[in-house]
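Remarks on the structure that follows.
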Amino acid sequence: MFRQVLNVGKTQAPVTLFGIDGKYATALFQAAASKNALSEVESDLNTIDDKLSKNPRLAEVLSSPMLNRGAKEQLIDSLGKKSEITTNFFKALIENNRLSETNRIIQAYKTLMEAQRGIVSVVVTSATQLGSKELKQVKDNLTKGGMIKDFKEVNVVNKVNPSLLGGMVVEFGDYTIDMSVSSRLAKLEKLLTDSISV
């Protein structure tokens with residue numbers, strides 16, 4: 001369920017995220033919040049994210065099963081000075097063999113921090129690039145329709161996927177609204193196949 005927590009300062013995450021990355025990011029967020037270190041951890045993760053994006057080979061090495069625990073710890077240490085919470089968190093990732101999820105966890109933590117600040121990101125995937133007028137219409141429909149509320153700001157990002165053929169897929173929080181032509185065709189095909197096989 002996508003929800004806004006209005007009690008700022010509590011250790012509860014502002015939105016519910018799912019998957020391995022969501023669970024780990026939420027645990028990190030709650031640990032950081034309990035120590036009033038949300039921004040400090042965010043800064044640590046931004047530094048690590050920056051270094052990993054500048055050196056994709058480093059990300060590959062981090063997720064390699066061939067690298068032993070000690071080498072992974074040294075590699076994480078080499079990414080710069082980090083807070084105690086961030087250091088312990090990466091030790092937990094190494095211990096649980098989840099270092100390969102680092103990038104996704106960092107992105108999930110960013111989502112939590114945006115929600116904490118009252119910002120929600122909406123990803124609109126369409127077959128072709130949408131104009132600002134269409135994106136504004138999507139934003140207005142979501143906010144005025146009551147699907148997104150209690151947020152100060154809504155960021156709409158457009159991604160292009162020609163395989164959708166037309167229409168769009170709107171994603172925010174744990175909601176996905178699929179209005180794509182490819183989805184409708186797949187449903188129609190299934191309906192026809194099911195009725196013929198009966």
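When atom types are taken as modelled, the side chain of Asp44 and the backbone of Lys82 share no donor-acceptor pair closer than 3.5 angstrom. Checked by atom type and distance alone, the side chain of Ser78 pairs as donor or acceptor with a backbone atom of Leu75 at under 3.5 Å. Lys72 places a side-chain N or O within donor-acceptor distance of the main-chain N or O of Ser64, the cut-off being under 3.5 Å. A donor-acceptor pair under 3.5 Å is absent between the side-chain atoms of Asp178 and the main chain of Val169, judged by distance alone. The closest donor-acceptor contact from the side chain of Asn96 to the backbone of Ala92 lies under 3.5 Å. In this structure a side-chain-to-backbone donor-acceptor pair under 3.5 Å is present from Thr111 to Gln107. Distance alone, capped at 3.5 Å, is enough to place a donor-acceptor pair between the Thr47 side chain and the Ser43 backbone.
In terms of heavy-atom proximity, Ala108 sits nearest to Ala25 at CB-CB, 3.5 Å. When all heavy atoms are compared, the tightest approach of Ala32 to Val41 is CB-CG2, 3.7 Å. When all heavy atoms of Ser126 and Thr128 are compared, the closest pair comes out as OG-O, 2.5 Å.
In this structure, Ile85 is a member of the same hydrophobic cluster as Ile94, with clusters built from ILVMFWY side-chain heavy atoms closer than 4.5 Å. Hydrophobic clustering (side-chain heavy atoms under 4.5 Å, transitive across Ile, Leu, Val, Met, Phe, Trp, Tyr) groups Leu58 together with Leu67. Linking ILVMFWY residues whenever their side-chain heavy atoms come closer than 4.5 Å, directly or via other members, places Ile177 and Met168 in the same cluster. Cluster annotation: Ile105 is connected to Ile20 through the hydrophobic network of ILVMFWY side chains, with a link wherever side-chain heavy atoms come within less than 4.5 Å. Following chains of ILVMFWY side-chain contacts shorter than 4.5 Å, one cannot reach Val156 starting from Leu164, and the two form parts of different hydrophobic clusters.
Contact of the Tyr24 side chain with the Phe89 side chain is registered, since non-hydrogen atoms from C-beta on lie closer than 4.5 Å. Inter-residue side-chain proximity for Leu99 and Ile76 is flagged as met; some heavy-atom pair is nearer than 4.5 Å. Counting heavy atoms from C-beta outward, Glu42 and Asn46 have side chains that approach closer than 4.5 Å. Here the side chains of Lys139 and Val122 are not in contact, with every heavy-atom distance at 4.5 Å or above. Between Asp49 and Asn103, some side-chain heavy-atom pair lies under the 4.5 Å cut-off. Residues Thr102 and Phe90 are in side-chain contact: their nearest non-hydrogen atoms beyond the backbone lie under 4.5 Å apart. When side chains are defined from C-beta on, Gln30 counts as touching Thr26, because their heavy atoms get closer than 4.5 Å. Within the 4.5 Å cutoff, side-chain heavy atoms of Leu28 are placed close to those of Leu45.
The residues Glu73 and Arg69 are annotated as salt-bridged, a charged nitrogen and a carboxylate oxygen being separated by less than 4.0 angstrom. Taking the charged nitrogens against the carboxylate oxygens, Lys159 and Glu171 have no contact shorter than 4.0 Å, which rules out a salt bridge.
Heavy-atom contacts from other residues, nucleotides or ligands closer than 6.0 Å to NZ of Lys110 number more than 12.
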Any chance you could lay out the side chain to side chain contact (heavy atoms under 4.5 Å, CB included) test for Glu101 and Leu93, step after step, and finish with the verdict?
CA-CA 8 Å; Glu101 299 288 330; Leu93 289 181; 5.7 Å; no
- Step by step, would you call Leu142 with Val154 a side chain to side chain contact (heavy atoms under 4.5 Å, CB included)? CA-CA 9 Å; Leu142 291 172; Val154 178; 5.8 Å; no
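Taken to the nearest 0.5 Å, the CG atom of Leu130 stands 10.0 Å off from the CD atom of Gln137.
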